[in-house]
Amino acid sequence: MNNNSAKSPMIVSFGEMLIDFVPDVAGVSLAESYAFIKAPGGAPANVACAIAKLGGNAAFIGKVGDDEFGHMLADLLKKSGVNSDGICFDKDARTALAFVTLKADGQREFMFYRSPSADMLLKESELKLDLIKQAKIFHYGSISLISEPCKSAHMAAMKAAKQAGVLLSYDPNVRLPLWPSPEAARDGIKSIWDQADFVKVSDDEVEFLTKGDPKKDDVVMSLWNDNFKLLIVTDGPEGCRYFTKKFKGKVNGYKVKTIDTTGAGDAFVGAFLQAVAKDPNLFNDENKLKEALMFANACGAISTTQKGAIPSLPDKAQAENLIKEAK
C-alpha cells in the first residue's frame, strides 16, 4: 500500500468482480480455443485496481463466492492496494465467470456463467455504508442493476452516497448477454441516468442507447442531463470527447500495438477519477480537464498492450512516458 493513498481522497467502486477466461490465441472462437488464461475482471473492480496502481486511494464493495476464485479475487485486490473491507463472501453461490473471445483486432465477445452468481446476491444489509459516506467519489456500472437483491443494494448505496455529498460516477458498461433483452438493458441503464454527476460511455454505447450516429454531437447531447457536471464519450484509439455545461471538445488518443482491449475503459476511468478526486474543480477548467483526459487516454492505451484487465494496468510513470514519446 502506498503512503499517499491514506491521505488522498477515497474513491469507492461498487459492483461485480469475476474471473475472465481469455483464450491464449486471439482471433479464434470459444469453440476453437484450445487453452484459456485466467484473468481477474469485472469493470468496477478493474477501476479500483487502476486507481490504486496510480497511487490513489481506492475501495471496492461487492460480493464474491466463498470459493477459491472468490478468495483469489479478494486477495488480488488487497495485493493491489485496494481497501477490501466492503467485500462479502456468499456461502451458496459461486463467483461469476466470463469466457471472452478475442477477435483478431483485440475486440471481444462474452459468454457468462452467472446463474445466479455471488455478485448478484449482495443485499442492502451487507453494504458498508460508512465506507461509502467517507468517499469523495462513488463509482458504479449497470450490471448490478439487472437483478435483485443486488439492484436494491445498488440503489441504497447510491442514495447514501448522494446524501453524504459524494460525487456519483457512472460507466454503464453495456453487456447485452446479461440482460433479458436489449430493451430491458436500455431501460435499466437509463433508469438511474439523471442521478450521476459524471457519466462515461463508449461510442458503441452511445449508438446502442440513442440508436443514432455516435459521431454526431447532437446525438451524444440527447444523452445529456442537467444534473451532469460532465459527459465523456470514449472513441477507442481515437481518444475521447467531453461535454460540460460550458464547453465541449476532443482529446486525441495514442497509437499503441493493441492485443486485448479488455479493461481499457476501466483504466481510463480509474485515471480520470483519480484526477477528479484530487481536484473536483476540473469540471470548470477546460485546460485542466484536457490534461486529465490526456493522461486517462494514455492509461487506456497502455492497458490494451497486454492480455487481461488488471495485469495490464499502467502506473503513473508508464503513462507519462507514453505522453512524452507522443510529443
Same apolar cluster (I L V M F W Y, side chains within < 4.5 Å links), I37/V28: no
Please, which pairs that meet salt bridge (charged side-chain N to carboxylate O under 4.0 Å, His left out) have at least one residue in residues 293-303, sequence neighbours excluded? none
Using a 4.5 Å cut-off on heavy atoms from C-beta on, say whether the side chain of F228 contacts that of W193. yes
In this structure, would I137 and I51 fall into the same cluster of hydrophobic residues linked by side-chain contacts under 4.5 Å? yes
Among all residues two or more places apart in sequence or in another chain, which pass the side-chain hydrogen bond (donor to acceptor under 3.5 Å, both in side chains) test with S125? none
Side-chain contact test, heavy atoms from C-beta onward, threshold under 4.5 Å: evaluate it for I87 versus L73 and give yes or no. no
Please table the atom pairs, donor to acceptor, closer than 3.5 Å between any side-chain atom in residues 264-282 and protein atoms at least two apart or in another chain.
unit_1 : atom_1 : unit_2 : atom_2 : d
D266   : OD2    : N46    : ND2    : 2.8
D279   : OD1    : N281   : N      : 3.1
D279   : OD2    : K288   : NZ     : 3.2
N281   : OD1    : N284   : ND2    : 3.0

Applied to residues 299-327, the ring-ring contact (aromatic ring centres under 6.0 Å, His included) test, sequence neighbours excluded, yields none
Show me the pairs that pass ring-ring contact (aromatic ring centres under 6.0 Å, His included) and involve residues 231-262, at least two apart or across chains. none
Can you name the side-chain hydrogen bond (donor to acceptor under 3.5 Å, both in side chains) partners of K200, sequence neighbours left out? D171
Under the ring pair (Phe, Tyr, Trp, His ring centres under 6.0 Å) test, residues paired with F99 that sit two or more places apart: F21, F36, Y113
Q306: which residues meet the side-chain hydrogen bond (donor to acceptor under 3.5 Å, both in side chains) condition with it, sequence neighbours left out? none
Please check if atom NZ in K250 has more than 12 non-hydrogen atoms from other residues, nucleotides or ligands closer than 6.0 Å. yes
Should the heavy atoms of other residues, nucleotides or ligands under 6.0 Å from NZ of K316 be counted, would the total exceed 12? no
Min side-chain heavy-atom separation K248-V220 under 4.5 Å: no
Parallel, tilted or perpendicular: which describes the rings of H154 and Y140, with under 30° parallel and over 60° perpendicular? perpendicular
For D203, check salt bridge (Lys or Arg N to Asp or Glu O under 4.0 Å) against everything at least two apart and list the hits. none
Flag side-chain contact, heavy atom, 4.5 Å: R186 against L209: yes
Taking only residues two or more places apart in sequence, or in another chain, which ones meet S117 in a side-chain contact (heavy atoms from CB on, under 4.5 Å)? A96, R114, D119, M120
With sequence neighbours excluded, what pairs up with D66 under the side-chain hydrogen bond (donor to acceptor under 3.5 Å, both in side chains) test? H71, K91
Return all side-chain donor-acceptor pairs below 3.5 angstrom for residues 320-327, not counting sequence neighbours, or 'none' if the list is empty.
unit_1 : atom_1 : unit_2 : atom_2 : d
N321   : ND2    : A317   : O      : 3.4

